[in-house]
Amino acid sequence: MTQTITFGNFKGGVGKTSNSTLVALDLSNRGYKTLLVDLDPQGNATNLLLNTKVNIDGKVGHFKKSLMASIEDGDLTQSLIHIKENFDILASAPDFALFPRYMEKIKDYNERVKEFSNLIKPIKDKYDYVIIDTPPTISLITDSALYASDYCVIVMQTHEHSFEGAQAFIEYIQEQVINTYKAPRLEIVGILAVLLQAGAPVDEATIQNAINQFGTENIFKHKIHSMQRIKRYGITGITFNTQFDRRVFKVYRDVTDEMLKRMEAIENG
């Protein structure tokens, strides 16, 4: 059965896109058919993976229609781009910012929240994992992503605003997405910490605050340390040829291992 995982936080710039993309890449490298869904109108994940595709096969990827146009047509396959073996992206574009306005044609907001889940079902069943990258906003876009998901990974950069964003995101999931919108399966996998500077007092303080607030068991044991190579991927796309790349991939193998084990533990109750 397909597992759908959203990466989220209400604070921008915390690493949602790089983490969702690199976890998705690792899943595809394990032989799992993986779809990355870019629901951020900024399209950062789309741009990153289009550059990655050029690095892999020298070809420029194209979609037939933008995600917003595909939604209007009721056929999301028109926005799929093949990146590499076992790895596709449902590509975003700036016009996806119109999604909430377009959905106003459905009067009941609870029914609007369900619509994207209905639209993506015909294609998501072809994949083992669907990873969703979201914008850092309280909006119909984020509500739709969470409603369509089985799991959520909270990405928390180690500074106070990101901690507060993670806290608000978790409360929102419980109070709105689960209690109000009645998301059928959504569970929180855990909080993935992205360290600004390992060992720095603000990093340690933020991690401790998270432990105090959420409990040690809800924080990923593996943490993402600041690496220039990951920042570089935002410009060049993911590269594969150096020791620096291999170091990044080892980190994300460990993170993905832990994520899958946490999901299995949730499944087994």
Side-chain angles (χ1 to χ4, degrees), residues 4-21 23-24 35-49 63 65-81 88-124 130-156 162 165-166 168-186 188:
T4 303
I5 308 150
T6 285
F7 282 65
N9 189 320
F10 285 147
K11 177 72 174 66
V14 300
K16 291 188 301 296
T17 296
S18 57
N19 281 285
S20 60
T21 302
V23 166
L35 174 66
L36 181 73
V37 177
D38 187 358
L39 290 190
D40 190 338
Q42 295 182 77
N44 291 332
T46 297
N47 292 334
L48 191 158
L49 286 181
F63 48 72
K65 290 190 176 182
S66 70
L67 180 54
M68 190 63 245
S70 295
I71 287 171
E72 291 174 336
D73 289 349
D75 179 10
L76 300 190
T77 62
Q78 300 174 110
S79 298
L80 285 173
I81 301 173
D88 297 335
I89 183 169
L90 190 62
S92 191
D95 66 343
F96 188 61
L98 299 173
F99 176 72
R101 185 184 301 175
Y102 173 77
M103 294 304 297
E104 288 176 2
K105 65 180 185 176
I106 300 175
K107 301 299 183 184
D108 185 340
Y109 188 85
N110 286 12
E111 294 303 314
R112 288 182 209 168
V113 169
K114 298 175 183 177
E115 186 63 16
F116 184 77
S117 181
N118 296 332
L119 286 168
I120 199 172
K121 191 176 189 311
I123 61 173
K124 89 172 196 177
V130 174
I131 307 295
I132 305 180
D133 186 35
T134 57
T137 57
I138 298 175
S139 68
L140 177 63
I141 295 173
T142 302
D143 291 344
S144 299
L146 291 168
Y147 184 88
S149 295
D150 303 301
Y151 298 101
C152 181
V153 174
I154 314 294
V155 181
M156 184 193 74
S162 181
F169 199 80
I170 290 170
E171 291 172 358
Y172 187 82
I173 285 174
Q174 185 61 56
E175 294 172 8
Q176 293 296 322
V177 183
I178 294 176
N179 293 347
T180 301
Y181 307 142
K182 308 300 182 185
R185 278 180 50 84
L186 185 61
I188 295 173

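Nothing fancy with the numbering, it's 1 onward along the sequence. Quantities reported herein were computed from a predicted structural model and do not represent experimental measurements.
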- Message: Tell me whether the rings of Tyr172 and Phe10 are parallel (<30°), tilted (30 to 60°) or perpendicular (>60°).
- Response: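 Geometry flag for Phe10 against Tyr172: perpendicular rings.
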
- Quick one: do Thr46 and Asp38 satisfy side-chain hydrogen bond (donor to acceptor under 3.5 Å, both in side chains)? Show the steps, please. CA-CA 6 Å; Thr46 297; Asp38 187 358; 2.7 Å; yes

Going from [atom1] on [X] to [atom2] on [Y], what distance comes out if it is rounded to the nearest 0.5 angstrom?
| X | Y | atom1 | atom2 | answer |
| --- | --- | --- | --- | --- |
| Asp143 | Thr134 | CG | OG1 | 10.5 Å |
| Ile123 | Asp88 | CD1 | CG | 9.0 Å |
| Asn9 | Thr142 | CG | OG1 | 10.5 Å |
| Ile132 | Lys124 | CD1 | NZ | 7.5 Å |
| Ile188 | Ile154 | CD1 | CD1 | 5.0 Å |
| Lys114 | Met103 | NZ | CE | 12.0 Å |

Are the side chain of [X] and the backbone of [Y] linked by a donor-acceptor contact shorter than 3.5 Å?
| X | Y | result |
| --- | --- | --- |
| Lys182 | Asn179 | yes |
| Thr4 | Asp150 | no |
| Ser70 | Thr77 | no |
| Ser20 | Thr17 | yes |
| Ser162 | Met156 | no |
| Asn110 | Tyr181 | no |
| Gln78 | Asp75 | yes |

- Message: Going by the rule side-chain hydrogen bond (donor to acceptor under 3.5 Å, both in side chains), which residues pair with Lys121 if we only count those two or more places apart in sequence or in a different chain?
- Response: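 With sequence neighbours excluded, Lys121 shows a side-chain hydrogen bond (donor to acceptor under 3.5 Å, both in side chains) to Asp125, given in chain and number order.
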
- Item | Glu115/Arg112 ion pair, N-O < 4.0 Å |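 Looking at Glu115 and Arg112, the cut-off is not met.
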
- Message: So that I can tick it off, tell me whether Lys16 and Asp133 are bridged by a salt bridge, with the cut-off set at under 4.0 angstrom between side-chain N and carboxylate O.
- Response: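 Looking at Asp133 and Lys16, the cut-off is not met.
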
- Is any side-chain heavy atom of Phe116 closer than 4.5 Å to a side-chain heavy atom of Leu76?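 Yes; the side chains approach each other to less than 4.5 Å.
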
- Would the number of heavy atoms belonging to other residues, nucleotides or ligands and lying under 6.0 Å from CD of Gln42 be above 12?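 Atom CD in Gln42 is not packed in, count stays at 12 or less.
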
